[in-house]
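The structure appears below as structure tokens.
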Protein chains: 2
Amino acid sequence: MNFPSNKYIIQLLSDFVPISKDMEEIIIKHLEFKTISKQENVIREGQIAQECLFILKGCIKKYYLVDGEERITNFYTEGQVVTPNSYTNKKPSKYFLTALEETIALVGDPDTEQEALKKYPQLASVTGIITEKLMVKLSDEFDNRINHSPEERYLQLIKERPDILQRVPQYQIASYLGIKPESLSRIRKRLKS
Amino acid sequence: MNFPSNKYIIQLLSDFVPISKDMEEIIIKHLEFKTISKQENVIREGQIAQECLFILKGCIKKYYLVDGEERITNFYTEGQVVTPNSYTNKKPSKYFLTALEETIALVGDPDTEQEALKKYPQLASVTGIITEKLMVKLSDEFDNRINHSPEERYLQLIKERPDILQRVPQYQIASYLGIKPESLSRIRKRLKS
DNA sequence: GAGAATCATTGACCTGAGTTAAGAAAATAA
DNA sequence: TTATTTTCTTAACTCAGGTCAATGATTCTC
């Protein structure tokens, strides 16, 4: 896989959080990468995450196992941050994170995070913004689940993340929508007419 | 309503977050109260919350309006913290907070929060713990909705918050479970046998 | 390219929740 | 207390999603 350029990385990052010119250099100097191969687990149930990721290329799914069956709650792709709950609270993870494709990501770990904050206090605002964004996003997802039917959520997915439909098999989309593959198939049929 | 004693307040607070002896005094000195009468809105859709609450007595519901219909997502009671999303992110609230009973709460607002943090830096850890707790709780609620049927969630509610069943009318419990009152009635009938 | 495995679709049947409408029970007001 | 409003229950019917099973369609492997 061809490696993402610095320019592309800064582009993605600044879409996510405002970055000043002088911070760009600091960031580029301290970048740490990680490559995750297809099917590889970033974290397993019961583990405590030691790092968080910013995805540059690829796709990662988050899911629980219920009676051996995957319940997918999220897909993370280019430009998204994966901050495992267990990274924040240092308790065993309740879910899995698994790459659906070969994935390249920026890595953040607590030590370098602390170090960086000491060296560059102006980064504090960035981490604050990130936490807040995650909070808002989580509660938005929550609302979404509560207020919309699987069919509505499927239509929304088509509109907002059409790439996901291309790169993720349908039975996993079904899991994400909270239904069985057969039901998604029927929804698709219904929508054709 | 008889007013909660300092002892009771500290008891509730320390169940929520660890409090050292010397912090107790600081806290007691700076307490600020608010009384909310039954049916009163703490916040309406579109407003930006200027304060957060720690409930000493009473009950508050959080809900959205969808086509004029309430969708309750939470009940807050004694010992729980109400931190409106709009308090954190300074954007208009998507939901309502309304007292179901006459409610007495401790109030926190950004100014006094900042002031207190300057004066007593040891409080910083407390606010950190609170944010983290809220995050974990939110994602737990999320899992709960995803992984359990309304019937299972009703049984769970009976086990974990039996008081709610006593103080909240059934049609609001139904809303909280994500179903109609008629369905809850049928679930209850089913469970009798 | 043949065969195997995985994934997607379809049909028949079941079940739980929504809808509508009616009446019973409980809470509130007069 | 009685009257009135609110809340709860029940019944009949509809419908979306689950289950089971069979069949196509793709993809993977050799």
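Letters A, B, ... mirror the listed sequences (proteins, then strands); counts begin at 1.
Atom OH in B/Y154 sits roughly 12 Å away from atom C1' in D/dC8 (whole-Å rounding). For the pair A/L177 CG and D/dG17 P, the computed distance is 10 Å after rounding to whole Å. In this structure, CD1 of B/I179 is placed 11 Å from C1' of C/dG18, rounded to the nearest angstrom. Between the CG atom of B/L100 and the P atom of C/dA27 there is a distance of 16 Å, rounded to whole Å. At whole-Å resolution of the value, CZ in B/R153 and P in C/dG16 are 17 Å apart. The interatomic distance linking A/E151 (CD) with C/dA17 (C1') rounds to 17 Å, in whole Å. The nearest whole Å value for the distance from the CD1 atom in A/I187 to the P atom in C/dT10 is 14 Å. At whole-Å resolution of the value, NZ in B/K180 and C1' in D/dT14 are 15 Å apart.
In this structure, A/F75 has its ring center closer than 6.0 angstrom to the ring center of A/Y176.
Geometrically, B/K133 engages B/F16 in a cation-pi contact, judged by NZ or CZ lying under 6.0 Å from the ring centre and within 45° of the ring axis. Cation-pi geometry between A/K118 and A/Y120 is not met at under 6.0 angstrom from the ring centre and within 45 degrees of the axis.
Place A/L184 and B/Q172 on DNA chain D by their nearest nucleotides, and B/Q172 ends up nearer the 5' end. Two residues, B/R190 and B/E182, neighbour DNA chain C, and the one matched to the more 5' nucleotide by heavy-atom proximity is B/R190.
Between B/S185 and D/dC8, a side-chain N or O to OP1/OP2 separation shorter than 4.0 Å is absent. Phosphate contact (OP1/OP2 of D/dT9, side-chain N/O of B/Q170, threshold under 4.0 Å): present. At the phosphate of D/dT9, neither OP1 nor OP2 sits under 4.0 Å from any side-chain N or O atom of B/K189. Remark: B/R188 is in phosphate contact with D/dT9, judged by side-chain N or O atoms under 4.0 Å from OP1 or OP2.
There is no side-chain donor-acceptor pair under 3.5 Å between A/S185 and A/R188.
Counting all heavy atoms, side chain and backbone alike, B/L56 lies closest to B/F33 at CD1-CE2, 3.7 Å.
For A/R186 against D/dG18, a side-chain N or O and a base N or O form a donor-acceptor pair under 3.5 Å.
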